[in-house]
Amino acid sequence: MRARWIAGLLAVVVVAAACSSSSPTSSPTTAGGHAGSSTTVATGSGIHKIRHVIVIMQENRSFDSYFGTYPGADGIPMTNGQPTACLPAPANEPCVRPYVDHADVNGGGPHSAVNATADINAGQMNGFVKQAVAGRRGCVDPTNPACTNSATPDVAGYHTGSDIPNYWAYANNFVLQDHMFEPNASWSLPEHLFQVSEWSASCTQHNNPSSCTNALQAPGTPKAGGVTGASPAATAPNPIYAWTDLTYLLHKNNVSWGYYVVAGTEPDCQNDSTVSCAPVKQNATTPGIWNPLPYFDTVRNDGQLGNIQSVTNFYTAAKAGTLPAVSWVVPSGTVSEHPPAPVSYGQSYVTSLVNAVMASPDWDSTAILLGWDDWGGFYDHVAPPSVDENGYGLRVPAMVISPYAKKGYIDHQTLSFDAYDKFIEDDFLGGQRIDPRTDGRPDPRPDVRENATILGDITTDFDFSQAPRSPMPLPVHPQTTLTGTPGPAHLPAAAKQADG
């Protein structure tokens, strides 16, 4: 397993290094026929100074597990430096207080809808240890949302700034959002559906959005095209994603987009949390729980399947200054930070992405929105607000990195990843929402999430009156206090060429 992790990270950083040293290429053309950097919005004022929005989505960490001791943030409640909470354990076992955990590889805990409800425990935020103890062990696919991936539950553990120095450096120099909630109180697939469409649903008819019904936990899992022996999901029926997604509105308004996928492995389990299965090989054409767009009717009908592409193209476009208006970047299992993937591998990968953008001609017009898709079973002390039957879910780390981002600013607004779509819509679509009453494809979604009264506005994280700030590249392999690191500190010299 460790050899596989090392090989995966090595492949990512070598790609980053190769792309950063390659000569600029001509602007790539998307499947929709638009140049990769095209957008209908010209250089303007305010939000329209942002011509490139990049969503980097990592996996399975709670806010408190990464930033619970960050100065000024709404972090772990403490008295005299000691956490005040003590999380109940099973009968006859002592409760567990949050504690510093420098381990690079964590186990996490179950993180389906039922686990979210139990962790929150009617607002007491104390169900984490019991859920982790009850989680399944020895799963063939460790990213199965029913699983706990450590012999002793570590969901009460948290990392310090010396463990994740690059992430804390981004928070110190740009914007940290300390009330960002997963949009759905559930696992990765529904979150990735919300990320691109503001809904998680199950449909019965292609191209008929009205055939869709709300599905918080089980919207139908994308599968890897029937890979022999890969998993039970490989022989399950293809899901139907007939409802409206954001790419439909982007295409309709001639706004370019790209969905970039890291090659490697991705889980391909059934989403009822009862089936354990092996990860399958992943590339840009592999539908999966982190790459659901290939199954959206709108993407196929608009001829934009080619916009779902390798992360290699992201590095190349950044170097050439041809980034699309909207980019989503999703990891492979190795660099995802989803337990048991090492924290250090994810930090190195994310740093390579951010460095590539900072070195790009597009830096001065870019906003990077960095988040973690769900809490992964890890402790967080803030009870999510009530929105509708789907969420919000638990609190996750999130940051804004941009030449116009406020420096060292902590955004305390109530946010979810719905705010990402809202920002994109306000920037490129004149405020158009994924709204069944106005988008031309009516579906029975419960509400228009971007219009929720509780949802903050991330434009407040920017100062558009300031001159664009200079790039701040960071070392891809920083020194950390992580223990048991399975590779990055000892990678071959070729892998370190990506260091900024």
Side-chain angles (χ1 to χ4, degrees), residues 1-2 4-13 15-16 54-62 65-66 103-111 139-145 147-150 159 163-164 166-167 182 187-193 195 221-222 224 259-269 271 277-284 286-292 310-311 314 328-354 369-378 396-399 417 476 482 485-488:
M1 180 68 75
R2 290 190 175 189
R4 189 185 312 156
W5 282 335
I6 294 171
L9 181 65
L10 176 59
V12 171
V13 295
V15 165
I54 300 167
V55 178
I56 300 174
M57 190 57 62
Q58 293 294 98
E59 296 288 320
N60 288 57
R61 302 285 165 170
S62 71
S65 73
Y66 269 11
D104 195 10
V105 174
N106 304 129
H111 48 278
C139 296
V140 178
D141 172 19
T143 61
N144 186 320
C147 296
T148 298
N149 293 299
S150 56
H159 289 287
D163 288 344
I164 46 176
N166 285 10
Y167 289 153
E182 182 188 7
W187 64 299
S188 287
L189 174 59
E191 186 282 325
H192 281 266
L193 292 171
Q195 190 182 146
T221 304
Y259 196 95
Y260 299 94
V261 180
V262 178
T265 60
E266 180 186 2
D268 190 35
C269 278
N271 57 11
C277 53
V280 299
K281 290 183 178 180
Q282 165 188 289
N283 59 38
T286 308
I289 64 173
W290 302 338
N291 181 22
S310 169
V311 75
F314 178 85
W328 292 274
V329 190
V330 297
S332 66
T334 303
V335 295
S336 67
E337 296 166 70
H338 190 306
V343 172
S344 61
Y345 282 21
Q347 181 175 239
S348 292
Y349 154 72
V350 169
T351 303
S352 77
L353 294 172
V354 175
L369 309 179
L370 171 59
W372 282 255
D373 73 339
D374 67 52
W375 83 111
F378 290 104
V396 294
M399 286 176 275
F417 296 142
V476 172
L482 292 168
T485 300

4.5 Å side-chain heavy-atom contact, [X] and [Y]:
X	Y	value
Asp374	Glu191	no
Leu369	Phe417	no
Trp187	Ile289	yes

Exam field: side chain [X] to backbone [Y], donor-acceptor pair closer than 3.5 Å:
X	Y	answer
Asp104	Ser344	yes
Arg61	Trp372	no
Gln58	Val335	yes
Ser348	Tyr345	no
Glu182	Trp375	no

**Derivation of the side-chain contact (heavy atoms from CB on, under 4.5 Å) call for Val262 and Tyr349** = CA-CA 10 Å; Val262 178; Tyr349 154 72; 3.6 Å; yes
Between [X] and [Y], which heavy-atom pair has the shortest distance, and what is it?
X	Y	value
His111	Asn144	CE1-O, 4.2 Å
Gly107	Pro339	O-CB, 3.4 Å
Asp163	Gln347	O-NE2, 4.0 Å
Pro331	Glu59	CG-CG, 4.4 Å

**Prompt:** Please walk me through it: do Asn60 and Ser188 pass side-chain contact (heavy atoms from CB on, under 4.5 Å)?
**Reply:** CA-CA 8 Å; Asn60 288 57; Ser188 287; 3.8 Å; yes
**Complete:** To the nearest 0.5 Å, atom CG of Asp373 lies from atom OG of Ser336 at 8.5 Å
**Distance in Å, Asn106 CG paired with Asn149 CG, rounded so as to fall on 0.5 Å steps** = 10.5 Å
**Request:** Walk me through it: do Leu353 and Val329 pass the test side-chain contact (heavy atoms from CB on, under 4.5 Å)?
**Result:** CA-CA 9 Å; Leu353 294 172; Val329 190; 3.9 Å; yes
**Request:** Check the angle between the aromatic planes of Trp290 and His338 and answer parallel, tilted or perpendicular using the 30° and 60° thresholds.
**Result:** tilted
**Item:** Given Trp328, Tyr259, Tyr260, the one that forms side chain to side chain contact (heavy atoms under 4.5 Å, CB included) with Asn291
**Value:** Tyr259
**Step-by-step side-chain contact (heavy atoms from CB on, under 4.5 Å) determination, Leu482 to His159** = CA-CA 9 Å; Leu482 292 168; His159 289 287; 3.8 Å; yes
